[in-house]
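A, B, ... follow the sequence lines: proteins, then strands. Residue 1 opens every chain. Keep in mind that what you see is a predicted model, and the values were worked out from it rather than measured.
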Amino acid sequence: MSSKGLIKRSEDFSKWYNELVSKADLAEHSDVRGCMIIKPYGYAIWEKIKDQLDQMFKETGHQNAYFPLFIPKSYLSKEANHVDGFAKECAVVTHYRLKNAEDGSGVVVDPDAKLDEELIVRPTSETIIWNTYKKWIQSYRDLPILVNQWANVVRWEMRTRLFLRTSEFLWQEGHTAHSTKIEAVEETEKMLNVYAQFLEQFMAIPVIKGVKTENERFAGAEETYCIEALMQDGKALQAGTSHFLGQNFAKAFDVTFADKNGIQNHVWATSWGVSTRLMGALIMTHSDDKGLVLPPKLAPLQVVIVPIYKNSTQLEEISNYVNELKQELLKMGVSVKFDNDDNKKPGWKFAEYEMKGVPLRIAIGPRDMENKTVELSRRDNFNKTTISQNGLASKISNLLIQIQNDLLDHANSFLNENTYFASTIEEMNKILNSKGGFVEAFWNGESKTEQKIKELTKATIRCIPLEESNTGKCIFTGQANSKKVLFARAY
RNA sequence: CGGGGUGUAGCGUAGCCCGGUUAUCGCGCCUCGUUUGGGACGAGGAGGUCGCAAGUUCGAAUCUUGCCACCCCGACCA
């Protein structure tokens with residue numbers, strides 16, 4: 001149950017985000033630092049995301065499996081870069097038993113129950129999975145392995161935000177094994193495209209596809225592909241990553257296969273993931289000062305019907321009509337709720353469903369019953385129209401498609417309008433300090449240069465876009481033949 | 001993990017500096033009635049370990065210390 005209004009985005013975007021997450025009933029903080037409770041309404045959206053992605057993974061030949069939460073500490077250290085990247089943020093299990101304190105003050109860790117080998121709570125599962133794949137793979141006939149898992153992972157974060165960065169989060173992680181480098185790279189790119197397609201077609205979020213620089217690469221990867229989205233406050237958000245892992249994990253875990261000639265080779269690997277962070281992307285892409293805005297394809301509730309009446313006779317008449325309409329809509333696969341709660345006035349309901357981002361609202365009163373009309377109101381642009389009850393269900397169904405498309409168009413325009421080019425550091429700072437956005441610029445490919453630019457602008461290279469682009473003079477060193485990359489301040 | 005801020009009923013808050021009956025107000029909640037085309041109104045009612053723990057004191061929401069959580073800014077990261 002949410003109380004009135006949100007702070008305006010223009011006043012305090014960060015506060016707006018926090019209030020929205022809370023008032024739209026998406027999530028709340030738990031008593032454990034950095035951990036979140038995803039509430040039923042928020043989880044319903046995540047389930048939509050999950051179900052659709054799961055279907056897309058299966059359509060591309062993947063199967064789900066489940067690997068354990070706990071990973072022996074020794075596994076993590078087998079791949080040098082990997083351990084460097086994750087060691088600082090791992091939760092560690094050291095004991096397996098509690099006992100009553102002798103002074104009666106409660107339970108304490110039983111010092112006699114110390115684990116011989118400590119377990120880490122997975123920050124990601126490459127190590128335990130590759131330790132397993134070693135047993136699964138003997139010959140090229142065992143390849144490829146195309147496995148995904150839906151899981152929770154823990155990374156001990158210093159600074160957290162609901163959905164955007166929490167110590168525990170939900171995600172999926174795909175882990176594949178291939179006999180050739182080409183096939184593994186293809187898989188990495190294929191899954192990046194699946195993500196991009198999902199974000200655009202279902203979340204109505206346009207993304208830039210690219211690869212990360214060495215600095216930003218996943219710990220243990222040869223190449224990290226990513227999709228980057230632009231939020232309404234002009235900051236970039238990494239929405240998904242797909243890694244070409246080369247033979248790094250195969251070598252670390254000694255995973256080899258016999259090829260057709262009987263020669264032993266190391267296996268080629270990929271991994272790819274998206275997380276509950278997508279919820280943050282969804283919120284910060286479409287929502288407005290009235291609350292959440294959901295694309296119809298991800299809305300747990302697509303249509304809400306609010307009756308307006310003065311007495312029970314009127315309500316009954318309206319109900320009779322609405323129940324028929326509801327059946328028709330449900331048959332068309334449209335999710336719909338008739339909110340006939342007598343304790344809340346229509347105005348209250350309007351505001352409430354706006355906060356929760358229900359894409360389409362229908363209001364029906366005695367006037368409508370008389371004229372055989374209803375009032376349709378769109379959440380995304382607040383357009384209100386009074387239309388005939390004739391053929392209403394299919395009009396609604398079409399309108400939902402229209403809303404889905406309009407949200408993507410709108411987000412696309414925003415992305416285009418907020419992508420700039422800068423040829424000097426001053427220009428870049430000017431852009432970033434005024435409204436933010438993506439800034440294209442040339443970069444000479446050196447980490448040192450990237451670091452310097454970061455110090456001067458607080459912007460990082462979000463990606464080197466996959467699209468072919470021309471070369472030019474490095475924004476920092478002036479070096480010719482530098483490649484075009486995308487800078488932004490980022491979440 | 002460093003610097004700053006905050007924590008009082010489900011939510012938002014007054015009181016704290018300067019310790020002293022029964023902890024303020026609004027929203028929400030419950031009951032009854034009237035209402036219902038953009039967050040209704042009246043009457044009555046319930047709801048509190050003042051973040052947690054020690055300490056100072058005759059007496060602590062108020063003072064001291066420690067801890068926990070959240071928010072903002074850094075460093076780090078999806």
Side-chain angles (χ1 to χ4, degrees), chain A residues 1-5 7 12-15 17-19 22-23 25 28-36 84-90 105 123-124 153-173 195 212 215-219 224 226-229 236-243 272-281 290-291 306-312 314-315 318 339-355 361-371 373-375 377 382 384 386 454-455 458 460 462 490-491:
Chain A
M1 214 38 66
S2 53
S3 57
K4 277 192 184 178
I7 191 165
D12 188 340
F13 192 82
S14 175
K15 194 169 182 195
Y17 177 86
N18 291 336
E19 287 186 3
S22 160
K23 292 185 176 177
D25 257 346
E28 62 191 48
H29 290 280
S30 82
D31 285 346
V32 180
R33 178 200 184 86
C35 293
M36 70 177 158
D84 279 354
F86 286 106
K88 296 181 296 294
E89 50 189 35
C90 285
S105 61
T124 179
V153 287
V154 170
R155 297 180 187 175
W156 213 261
E157 295 293 345
M158 290 299 122
R159 197 172 167 189
T160 59
R161 307 268 324 265
L162 291 175
F163 292 119
L164 296 173
R165 176 168 291 107
T166 46
S167 293
E168 180 195 20
F169 56 92
L170 306 183
W171 78 345
Q172 56 70 218
E173 44 181 328
Y195 289 154
K212 288 293 189 189
N215 280 337
E216 305 271 327
R217 201 175 286 158
F218 175 75
T224 287
C226 62
I227 48 173
E228 294 284 328
L237 184 82
Q238 178 177 306
T241 49
S242 183
H243 314 290
W272 27 274
V274 296
S275 70
T276 34
R277 178 177 246 206
L278 287 178
M279 295 285 292
K290 297 275 190 190
V306 177
I308 293 153
Y309 55 92
K310 295 206 191 296
N311 53 54
S312 56
Q314 285 182 352
L315 177 59
I318 293 168
D339 186 351
N340 59 358
D341 182 347
D342 192 48
N343 287 323
K344 304 275 190 283
K345 290 191 46 162
W348 191 93
K349 294 175 185 174
F350 293 172
E352 182 68 9
Y353 291 111
E354 278 161 9
M355 184 65 81
R361 182 184 72 226
I362 299 174
I364 309 179
R367 261 194 337 252
D368 292 303
M369 290 307 287
E370 200 174 311
N371 302 331
T373 58
V374 301
E375 183 193 81
S377 178
F382 296 106
K384 263 191 211 179
T386 299
K454 186 181 175 184
E455 283 164 24
K458 290 182 178 175
T460 48
R462 299 321 302 154
Y491 276 97

Peer 1: Take atom CD of A/Gln314 and atom P of B/U35, then tell me their distance rounded to the nearest Å.
Peer 2: 12 Å
Peer 1: Rounded to whole Å, how long is the line connecting atom CZ of A/Arg165 with atom C1' of B/C70?
Peer 2: 17 Å
Peer 1: Once you round it to whole Å, what is the distance between C1' of B/C27 and CD of A/Glu19?
Peer 2: 15 Å
Peer 1: For the side chain of A/Glu354, counting heavy atoms from C-beta on, which of B/C77, B/G38, B/U36 is nearest?
Peer 2: B/G38
Peer 1: Distance between the P atoms of B/U56 and B/A14, in whole angstroms?
Peer 2: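 So the two P atoms sit 31 Å from each other.
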Peer 1: If you assign A/Lys458 and A/Val32 each to the RNA chain B nucleotide with the nearest heavy atom, which residue ends up on the more 5' nucleotide?
Peer 2: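 Closer to the 5' end of RNA chain B: A/Val32.
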Peer 1: Searching all strands shown, indicate the nucleotide that pairs with B/C58 (Watson-Crick or G-U wobble; both distances under 3.5 Å).
Peer 2: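 Partner of B/C58: B/G20.
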Peer 1: Between A/Arg33 and B/A69, does any side-chain N or O lie under 4.0 Å from OP1 or OP2?
Peer 2: yes
Peer 1: Using Watson-Crick or G-U wobble geometry with both distances under 3.5 Å, which nucleotide pairs with B/G74?
Peer 2: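 Result: B/C1.
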Peer 1: Say we look at B/A61 and B/C68: how far apart would their P atoms be, to the nearest angstrom?
Peer 2: 24 Å
Peer 1: Once you apply a heavy-atom cut-off of 4.0 Å, does A/Gly34 come out as touching a base, just sugar-phosphate, or nothing?
Peer 2: sugar-phosphate
Peer 1: From the list B/C77, B/G38, B/G74, which nucleotide is the closest neighbour of the side chain of A/Ser377?
Peer 2: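 Nearest nucleotide to the side chain: B/G38.
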Peer 1: Give A/Ser14 one of three labels, base, sugar-phosphate or nothing, depending on what nucleic acid heavy atoms sit under 4.0 Å from its own.
Peer 2: sugar-phosphate
Peer 1: Less than 4.5 Å apart, side chain to side chain, heavy atoms only: is that true for A/Asn215 and A/Lys454?
Peer 2: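 A/Asn215 vs A/Lys454: side chains apart.
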Peer 1: Choose from B/C77, B/G38, B/G37 the nucleotide whose nearest atom is closest to any side-chain atom of A/Arg361.
Peer 2: B/G38
Peer 1: Among the nucleotides B/C72, B/G38, B/U36, which one has an atom lying closest to any side-chain atom of A/Arg161?
Peer 2: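 Ranking B/C72, B/G38, B/U36 by closest atom to the A/Arg161 side chain puts B/C72 first.
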Peer 1: For the side chain of A/Lys384 and the base of B/G38, is some donor closer than 3.5 Å to an acceptor across the two?
Peer 2: yes
Peer 1: Using atom CG of A/Asn18 as one end and atom C1' of B/A69 as the other, report the distance to the nearest whole Å.
Peer 2: 14 Å
Peer 1: Does the A/Arg361 side chain pair with the main chain of A/Ser377, one donor and one acceptor, at a distance under 3.5 Å?
Peer 2: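 Answer holds: no.
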Peer 1: Do A/Thr124 and A/Glu173 touch side chain to side chain, with heavy atoms closer than 4.5 Å?
Peer 2: yes
Peer 1: Look at A/Lys344 and B/C29 and indicate whether a side-chain polar atom (N or O) is within less than 4.0 Å of OP1 or OP2.
Peer 2: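 So the side-chain polar atoms of A/Lys344 do come within 4.0 Å of the phosphate oxygens OP1 or OP2 of B/C29, strictly under.
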Peer 1: For the residue pair A/Pro307 and A/Asp339, what are the closest heavy atoms and their distance?
Peer 2: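 Looking at all heavy atoms of both residues, the closest pair is CD-O, 3.0 Å.
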Peer 1: From B/C70, B/G37, B/C72, pick the nucleotide closest to the side chain of A/Arg367?
Peer 2: B/G37
Peer 1: Remember a base hit wins even if backbone is also touched, and classify A/Thr166 as base, sugar-phosphate or nothing at under 4.0 Å, heavy atoms.
Peer 2: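 Counting heavy atoms under 4.0 Å across all strands, the contact made by A/Thr166 includes a base.
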Peer 1: For the residue pair A/Trp272 and A/Tyr195, categorise the inter-ring angle as parallel (less than 30°), tilted (30 to 60°) or perpendicular (more than 60°).
Peer 2: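 Correct class here is perpendicular.
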Peer 1: Write down the distance separating the P atoms in B/C30 and B/C73, rounded off to the nearest Å.
Peer 2: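 Each nucleotide's P atom is 39 Å from the other's.
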Peer 1: Under 4.0 Å between any heavy atoms, over every strand shown, what does A/Glu89 touch: base, sugar-phosphate, or nothing? Just pick one.
Peer 2: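 It contacts sugar-phosphate atoms only.
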Peer 1: Can you tell me the distance, in whole Å, between the NZ atom of A/Lys345 and the P atom of B/C41?
Peer 2: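 Rounded to whole Å, this separation is 8 Å.
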Peer 1: Tell me which nucleotide among B/G74, B/G39, B/G37 gets nearest to the side chain of A/Glu375.
Peer 2: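 From the listed options, B/G37 comes nearest.
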Peer 1: Between B/U8 and B/U49, how far is it from one C1' atom to the other, in whole Å?
Peer 2: 12 Å
Peer 1: Would you classify A/Pro366 as touching base, sugar-phosphate or nothing, given that sugar-phosphate means primed atoms plus P, OP1 and OP2, and contacts are heavy atoms under 4.0 Å?
Peer 2: base
Peer 1: Please measure how far the C1' atom in B/U64 lies from the corresponding atom in B/C1, and state the result in whole Å.
Peer 2: 26 Å
Peer 1: Tell me which nucleotide among B/U36, B/G37, B/A75 gets nearest to the side chain of A/Arg159.
Peer 2: B/A75
Peer 1: Which of these nucleotides, B/U36, B/G37, B/C71, is closest to any side-chain atom of A/His29?
Peer 2: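 Nucleotide nearest to A/His29's side chain: B/C71.
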Peer 1: Name the one of A/His243, A/Arg217, A/Glu216 that satisfies side chain to side chain donor-acceptor pair (under 3.5 Å) with A/Thr224?
Peer 2: A/His243
Peer 1: Taking only N and O in the side chain of A/Lys290, is any of them less than 4.0 Å away from OP1 or OP2 of B/G39?
Peer 2: no
Peer 1: How long is the line joining CE of A/Met158 and P of B/C70, in whole Å?
Peer 2: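 In whole Å, B/C70 P lies 12 Å from A/Met158 CE.
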Peer 1: Between A/Lys310 and B/G37, is there a contact of a side-chain N or O with OP1 or OP2 at under 4.0 Å?
Peer 2: no
Peer 1: Once you apply the 3.5 Å cut-off to both distances, tell me the Watson-Crick or G-U wobble partner of B/A69, or none.
Peer 2: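 Looking at the geometry, B/A69 pairs with B/U6.
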Peer 1: Should B/G42 form a Watson-Crick or G-U wobble pair with both distances under 3.5 Å, which nucleotide is its partner?
Peer 2: B/C32
Peer 1: For A/Glu370, does the CD atom sit with more than 12 other heavy atoms under 6.0 Å from it, leaving out its own atoms?
Peer 2: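 No - once you tally the heavy atoms of other residues, nucleotides and ligands closer than 6.0 Å, there are 12 at most.
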Peer 1: Check every strand shown and say whether A/Asp368 touches a base, only sugar-phosphate, or nothing at a heavy-atom separation below 4.0 Å.
Peer 2: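 The residue A/Asp368 makes base contact.
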Peer 1: Distance between the C1' atoms of B/A69 and B/U24, in whole angstroms?
Peer 2: 26 Å
Peer 1: Under the criterion salt bridge (Lys or Arg N to Asp or Glu O under 4.0 Å), I'd like the reasoning laid out for A/Lys212 against A/Glu228: C-alpha separation, chi angles, the key distance, then a yes or no.
Peer 2: CA-CA 10 Å; A/Lys212 288 293 189 189; A/Glu228 294 284 328; 2.8 Å; yes
Peer 1: For the C1' atoms, the ones on B/G19 and on B/C58, what distance do you get once it is rounded to whole angstrom?
Peer 2: 12 Å
Peer 1: So A/Tyr491, base contact, sugar-phosphate only, or nothing? Heavy-atom distance under 4.0 Å.
Peer 2: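 The answer is nothing, as A/Tyr491 stays clear of every strand by at least 4.0 Å.
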Peer 1: Between A/Asn311 and A/Lys349, just flag the one whose closest nucleotide in RNA chain B comes earlier from the 5' side.
Peer 2: A/Asn311
Peer 1: If you check every side-chain atom of A/Phe350, which of B/G37, B/G38, B/G74 has the closest atom?
Peer 2: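 Among the listed nucleotides, the one closest to the side chain of A/Phe350 is B/G38.
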Peer 1: Counting only heavy atoms not in A/Asn311, do more than 12 fall under 6.0 Å of its CG?
Peer 2: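 Yes - once you tally the heavy atoms of other residues, nucleotides and ligands closer than 6.0 Å, there are more than 12.
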Peer 1: Using the C1' atoms only, state how far B/U6 lies from B/G45, rounded to an integer number of Å.
Peer 2: 33 Å
Peer 1: By the 4.0 Å heavy-atom rule, please label A/Leu164 as base, sugar-phosphate, or nothing.
Peer 2: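 Counting heavy atoms under 4.0 Å across all strands, the contact made by A/Leu164 includes a base.
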Peer 1: For B/G26, what is the paired nucleotide under Watson-Crick or G-U wobble rules, both distances under 3.5 Å?
Peer 2: B/C11
